[in-house]
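Chain identifiers are assigned alphabetically (A, B, ...) following the order of the sequence lines, protein sequences preceding nucleic acid strands; residue numbering begins at 1 within each chain.
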Amino acid sequence: MSNSQNSTPTNFIRQIIDQDRQTGKHGGRVHTRFPPEPNGYLHIGHAKSIVLNFGIAEDYQGLCNLRFDDTNPHKENIEFVESIQDDVHWLGYDWDDRLFYASDYFQHLYDFAVELIENGKAFVCDLDGEEMRAYRGTLTEPGRESPYRARSVAENLELFQRMKAGDFEDGARVLRAKIDMASPNMNMRDPTLYRIRHGVIHHQTGEAWCIYPMYDYTHPISDALEGITHSLCTLEFEDHRPLYDWVLDNISIPNHPQQIEFSRLNLAYTVVSKRKLTQLVDEGYVEGWDDPRMPTLAGMRRRGYSAASIREFCHRIGVTKADGLVEMGMLENCIREDLNAHAPRRMAVLHPLKLVIENYPEEKSETLKAPNHPKDESMGGREIEFCREIYIDRADFREQANKKYKRLVSGGEVRLRNAYVIKCEEVMKNNQGEIVELRCSYDPETLGKNPEGRKVRGVIHWVSARHGVKGEVRLYDRLFNRADADKVEEGGHFTDNLNPDSLRTLTDCYFEPALASAGVGEQYQFEREGYFILDSREAAREEPVFNRIITLRDSWAKIDKPGG
RNA sequence: UGGGGCGUCGCCAAGCGGUAAGGCACUGGGUUUUGAUCCCAGCAUUCGUAGGUUCGAAUCCUGCCGCCCCAGCCA
């Protein structure tokens, strides 16, 4: 039924690895790494990278390290270090004893920097930020060499040592590589290797250091130290590859991993940028990193998405160098496919309308059996309670409708799911003319069998008014109103694209009794409505709160024109 | 206008000189006590574009067009 996670389509990176193994490059080893910066929660875009890196390691009998790229203590903290580990584990991957931090290598990094200085390949520069920018040139004009570029090795050594010792203020000096100020590649114009940062407590190294290495310097060395063979990253780092290689070619380190770039994931109607997600959280547009509308793994988990479905999604979208925008439907199909196979069925009424079955005895009630899955008997069944007063959904009744409408109409018949066929005899309204109650009759001969000689319009779900459990349901919709959510009109802001109706809370819902014992993490299908899960943050509440994971496909919604 | 990438169906994506896989979406039809699921069928004479090479090109070459990334002491 489900082909989940069996399929790992090939891609250009796997082809490169295949070739490398044939030619014996890296001794035939495959060793990857997932290198997040702990400055935010992981999102669906990271999932693509995780599945790629850990997946390749698995398939080639290699290894994949988890490494925190923690070179900028200003933006990083321990909460993110922990959440990232939780999320990678939840997604289904493990790094055994290979949890590393770039900060583990601070001493090595320092020593290699000294080596660069000794070889005349790095220098301490006193230019401030603004001056540096001016000296850097532009995209079309070459830059000029820093006046400090010619300092002697001895002076550079001493100044760098004093930078480390804390003799200079933030921004006073940096260590720079001596490469080529005329390079058409901006990254090669004597890039900064180290900067000074006082007064921050690094989550791993505390106050041991007041100089911190830059990404472009740290990453290749960290990869090499760990024996990484293939260093996979996103397209925007393609321009950095010459620098990655330059660093490794100019220090005495044996390994030289191969950086390979792939395009990052763009998902329609959401943003996949840590900066923007951080803003949504910090400015209160959402409840937090785990808001069920967020494309973070924490949010998707709370929303009810399974790890398997996210993995499957990552397989289906593939890995290439072409940037695109993946439709939400792609993700939704993965979720539905998983949930359809595995979620037990239940009944819940979201917009209740009271319905009284007049020919059903006042005090009577009966216990009926209902299967948990229409096709999978191994999933068993549960008991539901039927009585004279029930709730149905308001959308399942219309006073009149054409024959396309397969639900209850005045004078018409409909099947109550897992129960009897009923007929609407009378519509009760209040003074405002609003329908407040339906009076019906039922056919006691229709339990488990169809009536003879007449055709029933359709099937609707229901919950006993006497036995049902009252509670809340949260309906989620796309977070943004436009597919390219980060596109902004002149003078606008991406938050202008936020969908004001991304969350709808329904507080007057009724769930069948079996749902009273629903546990955290259990996904259900509420028949004819969608897939739901108990909100893990509200699990302690007396009345249950369910999140809607995703609706059922609904071909009726497309043809339901007014008067239908 | 410098450099680096990318352009195959509405979306994602195979294809690697021998005559356009697959998935999603969509459209028909069948089954169905979920307008769900499931099943069956349809869905690119054409690969951004114009030339060239070749018996033969989405695949090789050249020009052009379009889109993305780069001027942090962020990653």
Side-chain angles (χ1 to χ4, degrees), chain A residues 1 7 9-11 15 35-37 39 69 71-72 74-76 125 127-129 132-134 136-143 170-176 183-189 191-197 212 214-216 218-219 233-242 261 263 268 274-275 315-334 336-337 340-341 345 347 370 373-375 404-407 414-419 421 446 448-450 456 458-461 483 525-530 551-560:
Chain A
M1 176 162 281
S7 50
T10 189
N11 57 53
Q15 291 178 345
E37 183 187 13
N39 67 343
D69 224 324
T71 56
N72 187 359
H74 268 294
K75 295 185 174 176
E76 301 155 6
C125 183
L127 256 27
D128 64 32
M132 261 236 243
R133 196 180 323 129
R136 187 152 35 226
T138 67
L139 294 177
T140 52
E141 306 158 47
D170 284 17
R173 292 180 222 266
V174 295
L175 182 73
R176 290 224 257 165
S183 172
N185 182 344
M186 301 295 287
N187 296 300
M188 300 299 270
R189 319 245 263 229
T192 301
L193 267 23
Y194 268 90
R195 74 285 214 183
I196 300 170
R197 286 283 179 276
Y212 289 92
M214 301 287 290
Y215 167 87
D216 283 318
T218 308
H219 209 84
C233 64
T234 43
L235 242 34
E236 66 269 26
F237 291 102
E238 203 146 22
D239 285 343
H240 298 238
R241 193 170 67 231
E261 311 83 13
S263 60
K274 245 196 267 183
R275 209 202 95 242
H315 288 139
R316 287 190 196 179
I317 58 175
V319 179
T320 68
K321 295 182 71 127
D323 36 29
L325 181 65
V326 178
E327 291 177 347
M328 264 293 177
M330 192 79 96
L331 213 208
E332 292 178 343
N333 179 268
C334 295
R336 289 199 182 102
E337 197 171 287
N340 175 54
R345 312 290 121 125
M347 291 196 288
H373 192 105
K375 294 194 167 178
K404 277 187 178 172
Y405 184 78
K406 305 194 335 190
R407 311 179 193 181
V414 78
R415 158 79 61 183
L416 291 176
R417 178 72 163 156
N418 297 127
V421 169
T446 55
K449 54 177 184 276
N450 283 127
V456 178
V459 183
I460 65 173
H461 57 95
Q525 184 195 100
F526 291 177
E527 290 194 86
R528 302 208 314 130
E529 291 288 357
T551 61
L552 254 27
R553 278 185 68 215
D554 186 3
S555 54
W556 164 249
K558 291 175 213 160
I559 55 174
D560 181 25

Under a 3.5 Å limit on both distances, the Watson-Crick or wobble mate of B:C38 is B:G30
Look through every strand shown and name the nucleotide pairing with B:G7 as Watson-Crick or G-U wobble, where both distances are under 3.5 Å.
B:C65
Please name the nucleotide paired to B:A14 by Watson-Crick or G-U wobble geometry with both distances under 3.5 Å, or report none.
none
What contact category does A:L325 fall into here, base, sugar-phosphate, or nothing, at under 4.0 angstrom with non-hydrogen atoms?
sugar-phosphate
For the residue pair A:L325 and A:A268, what are the closest heavy atoms and their distance?
CD1-N, 3.7 Å
Nucleotide opposite B:A25 in a Watson-Crick or G-U pair, distances under 3.5 Å
none
Return yes if the base of B:G10 and the side-chain atoms of A:E327 contain a donor-acceptor N/O pair under 3.5 Å, otherwise no.
yes
For a quick check of understanding: with a heavy-atom distance under 4.0 Å over all strands, which category does A:S555 fall into, base, sugar-phosphate or nothing?
sugar-phosphate
Nearest to the A:K406 side chain among B:G35, B:C70, B:C24, which nucleotide is it?
B:G35
Let's see if you can work this out: which of B:G35, B:C69, B:U34 has an atom nearest to the side-chain heavy atoms of A:D239?
B:C69
At 4.0 Å (heavy atoms only), tell me whether A:G530 reaches a base, stays on the sugar-phosphate, or touches nothing.
nothing
When you get a sec, tell me which of B:U34, B:A71, B:A25 is the closest nucleotide to the side chain of A:P374?
B:U34
Look at all strands and tell whether A:M214 reaches a base, only sugar-phosphate, or nothing, counting heavy atoms closer than 4.0 Å.
sugar-phosphate
Please determine whether a side-chain nitrogen of the Lys or Arg among A:R136 and A:E141 lies less than 4.0 Å from a carboxylate oxygen of the Asp or Glu.
no
Under 5.5 Å centre to centre and under 30° between planes: does that hold for A:Y215 and the six-membered base ring of B:A75?
no
For B:U45 versus B:U49, give the span between their P atoms, rounded off to a whole number of Å.
12 Å
